[in-house]
Amino acid sequence: GAVVSQHPSWVICKSGTSVKIECRSLDFQATTMFWYRQFPKQSLMLMATSNEGSKATYEQGVEKDKFLINHASLTLSTLTVTSAHPEDSSFYICSARPPIGQETQYFGPGTRLLVL
Amino acid sequence: KQEVTQIPAALSVPEGENLVLNCSFTDSAIYNLQWFRQDPGKGLTSLLLIQSSQREQTSGRLNASLDKSSGRSTLYIAASQPGDSATYLCAVPPPGSARQLTFGSGTQLTVLP
């Protein structure tokens, strides 16, 4: 099956710093990738839809200036958490969907962010 | 707005038992429904995808059913094993979308040896 990777898998940072998370589709091209956030013992909540070559679409309540998304190529999307605060500590998961005809989304392994 | 609910939130069974996980959704205008498995601290693994025109899908010991009219889906796990212990999530695309997903809160399954 299709493979999606995320880097890093773990990051610990100080409050006020920025953290960049990468999401890559390894064996297929993805014009659209999705970023989710998962707090402990809660389900995944969609943060934004990342579109290759255009601006991301953010869900209601998600600050676009705080969570910067760049989808520079058909295999890479990045999420930058700017000026991170302890409440941003969470598990961030990306997903990508292969080209038309395949409806299953493939998820990355997730990135656990801890802001001290 | 689509809402997805999963019952029970947690389930503990002895090895070998058959079990059923439930998922309900508020808007029946869905393209498909997907069941995922999530191990602690890990990403999601897709288990089964049921198209809106289908009533069930099977993969090994797993069987998922879909009743769109009532807004329900079930995941049946036969002859459960300790390796089945994980959180199971169901997800549907929002009405009008075939791409992004709305997730249920999950059922945490523990299969005791």
Side-chain angles (χ1 to χ4, degrees), chain A residues 1-10 21 23-26 30-52 56-62 90-114, chain B residues 1-11 21 23-25 30-54 57 59 62 64 66 86-110:
Chain A
V3 178
V4 175
S5 70
Q6 279 185 243
H7 177 80
S9 56
W10 256 104
I21 303 170
C23 176
R24 292 181 186 272
S25 56
L26 298 185
T31 56
T32 303
M33 293 183 176
F34 304 96
W35 286 97
Y36 295 85
R37 180 168 52 185
Q38 185 179 34
F39 291 107
K41 302 201 174 184
Q42 294 187 26
S43 191
L44 281 74
M45 297 297 294
L46 180 67
M47 298 176 64
T49 302
S50 173
N51 304 298
E52 189 269 336
T57 304
Y58 290 82
E59 295 300 297
Q60 190 173 9
V62 179
S90 186
F91 192 53
Y92 292 86
I93 305 178
C94 71
S95 72
R97 184 178 152 180
I100 295 174
Q102 299 186 48
E103 297 187 39
T104 301
Q105 285 193 20
Y106 295 94
F107 284 78
T111 297
R112 187 162 300 281
L113 170 64
L114 177 61
Chain B
K1 179 184 176 184
Q2 179 74 274
E3 294 184 3
V4 182
T5 305
Q6 289 186 248
I7 296 174
L11 181 63
L21 308 181
C23 173
S24 61
F25 45 95
I30 60 171
Y31 286 102
N32 55 56
L33 182 143
Q34 202 162 353
W35 282 93
F36 293 89
R37 168 187 173 136
Q38 184 178 30
D39 292 289
K42 304 290 186 181
L44 275 67
T45 301
S46 177
L47 298 174
L48 290 164
L49 183 149
I50 312 177
Q51 300 289 354
S52 61
S53 58
Q54 297 175 321
Q57 278 282 347
S59 175
L62 305 179
L66 175 63
T87 296
Y88 291 81
L89 298 159
C90 68
V92 294
S97 168
R99 300 183 69 82
Q100 62 201 67
L101 295 174
T102 299
F103 283 85
S105 53
T107 293
Q108 185 174 354
L109 173 65
T110 302

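Proteins get letters first, then strands, A, B, ... in listed order; numbering begins at 1 in each.
When heavy atoms are compared at a cutoff of 4.5 Å, Q38(B) approaches chain A solely by way of its side chain, counted from C-beta outward. Heavy-atom distances place the side chain of Q38(A), and not its backbone, under 4.5 Å from chain B. Only the side chain of L89(B) comes within contact range of chain A, with heavy atoms under 4.5 Å apart.
The two residues S43(A) and S105(B) have their closest heavy-atom pair at CB-CA, 3.5 Å. Among all heavy-atom pairs drawn from I93(A) and L44(B), the shortest one is CD1-CD1, 3.9 Å.
Counting non-hydrogen atoms of neighbouring residues, nucleotides and ligands closer than 6.0 angstrom, the CD atom of Q108(B) reaches no more than 12 such neighbours. Within a 6.0 Å sphere centred on CG of L26(A), heavy atoms belonging to other residues, nucleotides or ligands number more than 12.
Between chain A and the options G106(B), A9(B), G104(B), S46(B), the largest number of non-hydrogen pairs under 4.5 Å is found for G104(B).
If you take CG on L46(A) and OG1 on T102(B), they are separated by 7.5 Å, rounding to the nearest 0.5 Å.
Qualifying ring pair (Phe, Tyr, Trp, His ring centres under 6.0 Å) partners for F103(B), counting only residues two or more places apart in sequence or in other chains: Y36(A), F107(A), F36(B).
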